[in-house]
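This one's a predicted model, so the numbers in the text were calculated from it and none came from an experiment. As the structure lists them, so they are numbered: ligands from 1, and atoms in each ligand from 1. We count residues from 1, following the sequence as given.
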Amino acid sequence: MQDRETDGHRARKRFGQNFLSDPNIIRRIIDAIRPKEGDIMVEIGPGLGAMTTPLIERLGHLNVVEIDRDLIARLRETWTPEQLTIHEGDALKFDFGSLGSPLRVVGNLPYNISTPILFHLSTFADRVKDMTFMLQKEVVMRMVAEPGTEEYGRLSVMLQYRFRMARVFDVPPGAFRPAPKVMSSIVRMAPLPPEELGARDEALLGQIVTAAFGQRRKTLRNTLKDFLGEADFAALGLDPGLRGERLSVAEFVAIANHVAAARAG
Ligand code: SAM
């Protein structure tokens with residue numbers, strides 16, 4: 001993909017810039033978000049404003065986080081501070097907790113940083129009402145994947161642990177300028193209530209899930225040998241000959257809690 005001019009702006013590959021240009025798709029995304037006046041909302045990567053304009057029209061006020069200075073200058077010329085609060089910088093480092101709660105998060109995310117953005121946003125889940133994103137379809141399929149499928153992995157487990165998620169609809173490359181090489185999808189994420197989370201030590205859960213999927217072809221006996229022995233597998237009622245992709249989110253939580261309890265003595 002070459003850097004190309006869109007609406008007088010040269011799209012920057014390093015910022016994952018593919019601008020939505022299909023009015024029908026934009027309308028469908030806004031309908032899926034259902035913005036209401038008074039909602040506290042932040043858009044990640046407003047770009048040339050394809051979604052920003054209809055969002056401000058419905059909300060009255062919107063926050064945006066944008067890294068590209070040229071685009072920030074254009075946004076400043078178009079909107080008043082009463083309509084748009086611009087947070088200049090990297091969404092990966094942004095404190096989403098500073099915007100108030102319950103926060104609604106939306107964005108046609110830069111695909112080159114989609115996984116780290118999702119993990120960063122997970123840390124603010126207790127202050128978030130919902131999130132609606134455009135992502136590569138392949139990433140969305142991994143987010144919503146069921147155990148036992150090829151797409152099921154660390155991203156599926158860690159996000160499904162914290163969020164209820166649904167793929168809303170797919171968006172073809174032709175809806176963007178410049179057109180990306182891949183299909184995209186809209187995904188909706190709603191944080192689960194804290195009482196449904198259940199892991200005593202979430203960092204430990206993350207370590208166990210990472211280990212279980214680190215070498216996908218190996219069995220749990222091998223990938224989790226630093227955490228579980230044969231007696232632990234028996235106590236958990238788990239077959240050590242399985243691979244990580246067979247385990248449900250609840251089973252990963254049970255393993256993490258068993259290890260946490262053993263470590264606590
Ligand atoms: N929302 C616009 C649209 O739908 O046409 C633009 C979407 S474009 C795929 C991604 C946007 O995210 C660009 O505006 C880009 O400059 C911005 N961006 C890229 N990396 C970013 C980061 N780390 N933090 C904040 N914004 C970023």
Side-chain angles (χ1 to χ4, degrees), residues 1-33 35 41-59 62-79 83-96 98-99 103-124 131-140 168-188:
M1 188 176 69
Q2 294 289 309
D3 282 6
R4 270 201 252 123
E5 194 111 335
T6 304
D7 205 5
H9 171 79
R10 184 161 289 275
R12 296 196 165 96
K13 274 198 289 184
R14 75 171 188 285
F15 291 147
Q17 291 178 351
N18 300 93
F19 300 106
L20 264 172
S21 59
D22 181 330
N24 197 33
I25 297 284
I26 295 167
R27 186 183 47 73
R28 285 179 68 196
I29 298 173
I30 302 295
D31 286 350
I33 296 169
M41 192 177 287
V42 59
E43 182 188 5
I44 300 173
L48 294 166
M51 287 163 53
T52 318
T53 302
L55 286 173
I56 293 177
E57 279 166 7
R58 301 221 198 162
L59 294 165
L62 177 71
N63 294 280
V64 293
V65 184
E66 175 58 65
I67 202 167
D68 185 324
R69 288 200 184 138
D70 293 346
L71 295 175
I72 290 166
R74 293 169 71 121
L75 291 165
R76 282 224 170 87
E77 280 167 19
T78 313
W79 303 102
Q83 294 170 311
L84 188 68
T85 305
I86 302 172
H87 305 274
E88 198 173 332
D90 187 348
L92 288 173
K93 298 191 183 127
F94 184 69
D95 177 10
F96 287 89
S98 68
L99 300 178
L103 181 64
R104 306 193 68 199
V105 190
V106 304
N108 170 10
L109 296 184
Y111 294 168
N112 48 348
I113 53 167
S114 47
T115 304
I117 282 206
L118 291 168
F119 277 99
H120 179 58
L121 286 163
S122 288
T123 64
F124 301 99
M131 312 204 274
T132 309
F133 297 128
M134 170 109 68
L135 287 160
Q136 269 174 271
K137 181 177 179 185
E138 175 257 320
V139 174
V140 173
V168 187
F169 61 90
D170 295 340
V171 180
F176 304 86
R177 293 224 181 93
K181 290 208 175 75
V182 294
M183 279 293 280
S184 303
S185 298
I186 304 292
V187 64
R188 184 181 294 133

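Remark: of the listed residues V65, L99, N63, N63 is the sole one forming a side-chain contact (heavy atoms from CB on, under 4.5 Å) with T85.
Atom 19 (C) of ligand 1 has F15 O, 3.0 Å as its closest protein atom, hydrogens excluded (heavy atom only). What sits closest to atom 24 (N) of ligand 1 on the protein, heavy atoms only, is A91 N, 2.8 Å. Atom 2 (C) of ligand 1 has its closest protein heavy atom at P46 O, 3.3 Å. Of the protein's non-hydrogen atoms, the one nearest atom 17 (C) of ligand 1 is E66 OE2, 3.4 Å. Remark: minimum distance from atom 5 (O) of ligand 1 to any protein heavy atom is reached at L20 N, 2.8 Å. Counting protein heavy atoms only, atom 21 (C) of ligand 1 is closest to I67 CG2, 3.6 Å.
The aromatic rings of H87 and F94 sit tilted relative to each other, their planes meeting at an angle between 30° and 60°.
Under 4.0 Å is where a charged nitrogen must lie from a carboxylate oxygen, and between R28 and D170 no such pair does. A salt bridge links R27 with D31: the closest approach of a Lys/Arg side-chain nitrogen to an acidic carboxylate oxygen falls below 4.0 angstrom.
Residue-to-ligand polar distances place N108 within reach of ligand 1: an N/O pair is separated by less than 3.5 Å. Residue A50 places no N or O, backbone or side chain, under 3.5 Å from any N or O of ligand 1.
At a heavy-atom cutoff of 4.0 Å, ligand 1 is contacted by no atom of R12, backbone or side chain.
No donor-acceptor distance shorter than 3.5 angstrom exists from the side chain of R76 to the backbone of I86, with no hydrogens or angles considered.
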* Step-by-step side-chain contact (heavy atoms from CB on, under 4.5 Å) determination, L135 to L118 -> CA-CA 11 Å; L135 287 160; L118 291 168; 4.2 Å; yes
* Start with the C-alpha gap between L103 and F124, add the side-chain angles, then the distance that decides, and say whether side-chain contact (heavy atoms from CB on, under 4.5 Å) holds. => CA-CA 9 Å; L103 181 64; F124 301 99; over 6 Å; no
* Derivation of the side-chain contact (heavy atoms from CB on, under 4.5 Å) call for T123 and F96 -> CA-CA 9 Å; T123 64; F96 287 89; over 6 Å; no
* For the pair D22 and V171, evaluate side-chain contact (heavy atoms from CB on, under 4.5 Å) and give the outcome as yes or no after the intermediate values. => CA-CA 10 Å; D22 181 330; V171 180; over 6 Å; no
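When side chains are defined from C-beta on, T53 does not count as touching I26, because their heavy atoms never get closer than 4.5 Å. Considering only heavy atoms from C-beta on, H120 stays 4.5 Å or farther from K93 through its side chain. The side-chain heavy atoms of I33 and M41, taken from C-beta on, include a pair separated by under 4.5 Å.
Those atoms of ligand 1 with a heavy atom of L71 less than 4.0 angstrom away are 14 (O), 16 (O). When each atom of ligand 1 is checked for a heavy atom of E43 under 4.0 Å away, the hits are 1 (N). Close approach to F19 involves these atoms of ligand 1, each under 4.0 Å from a residue heavy atom: 5 (O), 6 (C). Of all the atoms in ligand 1, the ones that sit under 4.0 Å from a non-hydrogen atom of G89 are 24 (N), 25 (C). Close approach of ligand 1 to D90 (heavy-atom distance below 4.0 Å) involves ligand atoms 22 (C), 23 (N), 24 (N). Contact atoms of ligand 1 toward N18: 7 (C), 8 (S), 9 (C) (distance under 4.0 Å to a heavy atom of the residue).
Scanning S114, G107, G45, G16 for the heavy atom closest to atom 11 (C) of ligand 1 points to G45. Within the set P110, S184, P180, G47, the minimum heavy-atom distance to atom 20 (N) of ligand 1 is found for P110.
Remark: distances from the non-hydrogen atoms of M134 to ligand 1 are all 4.0 Å or more. Under the 4.0 angstrom criterion for non-hydrogen atoms, I113 is in contact with ligand 1. For the pair V65 and ligand 1, a heavy-atom separation below 4.0 Å is found.
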